[in-house]
There are 2 protein chains.
Amino acid sequence: MTVARDEVERRVESLSQALRNAGLRLTHQRLEVVREIAQSDEHPNAESVYHRVRARVPTISLDTVYRTLTTLADLGLVTRVAATLGPTRYDANVSHHHHFVCARCGLIRDVVDEQLDAVAVPHSASAFGIVESVEVQLRGVCKDCGKKEREHE
Amino acid sequence: MTVARDEVERRVESLSQALRNAGLRLTHQRLEVVREIAQSDEHPNAESVYHRVRARVPTISLDTVYRTLTTLADLGLVTRVAATLGPTRYDANVSHHHHFVCARCGLIRDVVDEQLDAVAVPHSASAFGIVESVEVQLRGVCKDCGKKEREHE
DNA sequence: GTTACTGCAAACTTTTTGCACGACA
DNA sequence: TGTCGTGCAAAAAGTTTGCAGTAAC
């Protein structure tokens, strides 16, 4: 659910530094959006970032959250995760990793695995263009949804 | 760009059969939507399916296309491809395969490769739930976009 | 003091839904 | 003939944008 406190601080600091390097202003709103993403490992969408940040910055608007997320994504500081259902989700973990996606509820979790990192790009893919990154999506049913299905049937 | 004609007919027939088996009616609109998806390998979105089908069925509406695609997806006859940018795309190829995705223009192409099919599910992923399928996304820059970038810089 | 950023409002895009008519089985 | 599916219209969901005031540097 939550990222370790020192890891959060490390991420916030590194994101702040990157905003400064890009010549962007460190506004209250940006810092709180950045903090929110840094401390989450559940790949929130814009709406949930908005709701959580609003608890601390009541005047923040949803469009500021969208603009901040777009800025961060353009700088490569967060990545967008393409979810098959529902809105775009954001990931503060920019190191190489993969995802488990629940086909029922949309839950997304990071999967870190060296074997997956080692997957080789096939020739047939190189024919389409230059491959820059490889991401493995493991789709299935999460524990919670599995339990619910067993109870209801 | 296009799928071989006999493969199209095979896909259309198999999709029609599946609709019948599910107790659904074989309407003119459904058949043409099914045919359109079957003959495309560029993973069209609802809007482009709509435009192409309208050339043959001028009275079809966009919401019928959406409803048909939802029906087909629920039956597992087409799959939704999560594109990071823009609307949901659809894939008539339901056999095990992977995708090349252009980060610039959103082009999506099927990648068929046995090595990728053989990727093992790591223990860390099984901890989140039951993994039903593994899809590898190869992200990069397609040939067209690569060429454009070289010309403009 | 500048200029970039924010909040507000409105627009835009993508997708879903209620309803009455028409078409498939 | 009965019911499912369609087209129309409107609404809902998700996201972007123009503008004037505000805050960061």
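Naming convention: chains lettered A, B, ... in sequence-line order (proteins, then strands); numbering from 1 in each chain.
Listed by residue number, there are no residues of residues 71-81 of chain A with a heavy-atom contact under 4.0 Å to DNA chain C.
With a 6.0 Å radius and a threshold of 12 heavy atoms from other residues, nucleotides or ligands, A:Gln17 has its CD atom above the threshold. Around the CD1 atom of B:Ile130, the shell of radius 6.0 Å holds no more than 12 heavy atoms that belong to other residues, nucleotides or ligands.
For A:Ser95, the side-chain hydrogen bond (donor to acceptor under 3.5 Å, both in side chains) partners two or more places apart in sequence, or in a different chain, are A:Asn93. For B:Arg56, the side-chain hydrogen bond (donor to acceptor under 3.5 Å, both in side chains) criterion is met by B:Glu32, B:Glu36, not counting sequence neighbours.
With hydrogens and angles ignored, the 3.5 Å screen pairs a side-chain donor or acceptor of A:His43 with a backbone N or O of A:Ile108. Looking only at distances, no side-chain donor or acceptor of B:His98 sits under 3.5 Å from a matching main-chain atom of A:Val136. Listed for the A:Ser40 side chain is no donor-acceptor partner under 3.5 Å among the backbone atoms of A:Ile37.
Atom CZ of A:Arg30 is separated from atom C1' of D:dC25 by 13 Å (rounded to the nearest Å). Atom CD1 of A:Ile60 is separated from atom P of C:dC5 by 14 Å (rounded to the nearest Å). Distance NE2 (B:His28) to C1' (D:dG7): 14 Å, rounded to an integer number of Å. Across the protein-nucleic acid pair, B:Leu62 atom CG and D:dA9 atom C1' stand 13 Å apart, rounded to whole Å. The distance between atom CG of B:Asp63 and atom C1' of C:dA20, rounded to the nearest whole Å, is 14 Å. Between the P atom of D:dT3 and the CG atom of B:Leu24 lies a distance of 16 Å, rounded to the nearest Å. When the P atom of C:dT14 is taken as reference, atom OH of B:Tyr50 falls 14 Å away, rounded to whole Å. If you take CG of B:Leu69 and C1' of D:dT6, they are 15 Å apart, rounded to a whole angstrom.
In the helix from C:dG1-D:dC25 to C:dA25-D:dT1, the rotation axis of the first five pairs and that of the last five pairs differ in direction by 40°, rounded to 10 degrees.
Residue B:Ser61 places none of its side-chain N or O atoms closer than 4.0 Å to OP1 or OP2 of D:dC8. Contact check, B:Thr88 against C:dT14: no side-chain N or O comes under 4.0 Å of OP1 or OP2. Taking 4.0 angstrom as the limit, A:Tyr66 places a side-chain polar atom (N or O) nearer than this to OP1 or OP2 of D:dT15. At the phosphate of C:dC24, neither OP1 nor OP2 sits under 4.0 Å from any side-chain N or O atom of B:Gln29.
Exactly one residue among A:Arg89, A:Arg109, A:Glu135, A:Gln137 makes a side chain to side chain donor-acceptor pair (under 3.5 Å) with A:His99. That residue is A:Glu135.
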*Evaluate salt bridge (Lys or Arg N to Asp or Glu O under 4.0 Å) for A:Arg52 paired with A:Glu47, printing each intermediate quantity in order.*
CA-CA 9 Å; A:Arg52 292 178 206 173; A:Glu47 189 79 30; over 6 Å; no
*Start with the C-alpha gap between B:Asn45 and B:Ser48, add the side-chain angles, then the distance that decides, and say whether side chain to side chain donor-acceptor pair (under 3.5 Å) holds.*
CA-CA 6 Å; B:Asn45 57 32; B:Ser48 41; 2.9 Å; yes
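A salt bridge links A:Arg11 and A:Glu7; the closest N-O separation between the charged side-chain nitrogens and carboxylate oxygens is under 4.0 Å.
Among the atoms of the strands shown, none is found under 4.0 Å from any heavy atom of B:Asn45. Residue contacts shown for A:Leu26 are limited to sugar-phosphate atoms, with no base heavy atom under 4.0 Å away.
Sorted by first and then second residue, the pairs that involve residues 61-73 of chain A and meet salt bridge (charged side-chain N to carboxylate O under 4.0 Å, His left out), not counting sequence neighbours, are A:Asp63-A:Arg67.
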Quick test: give all pairs of protein nitrogen or oxygen and nucleotides 19-23 of chain D nitrogen or oxygen below 3.5 Å, distance rounded to 0.1 Å.
none

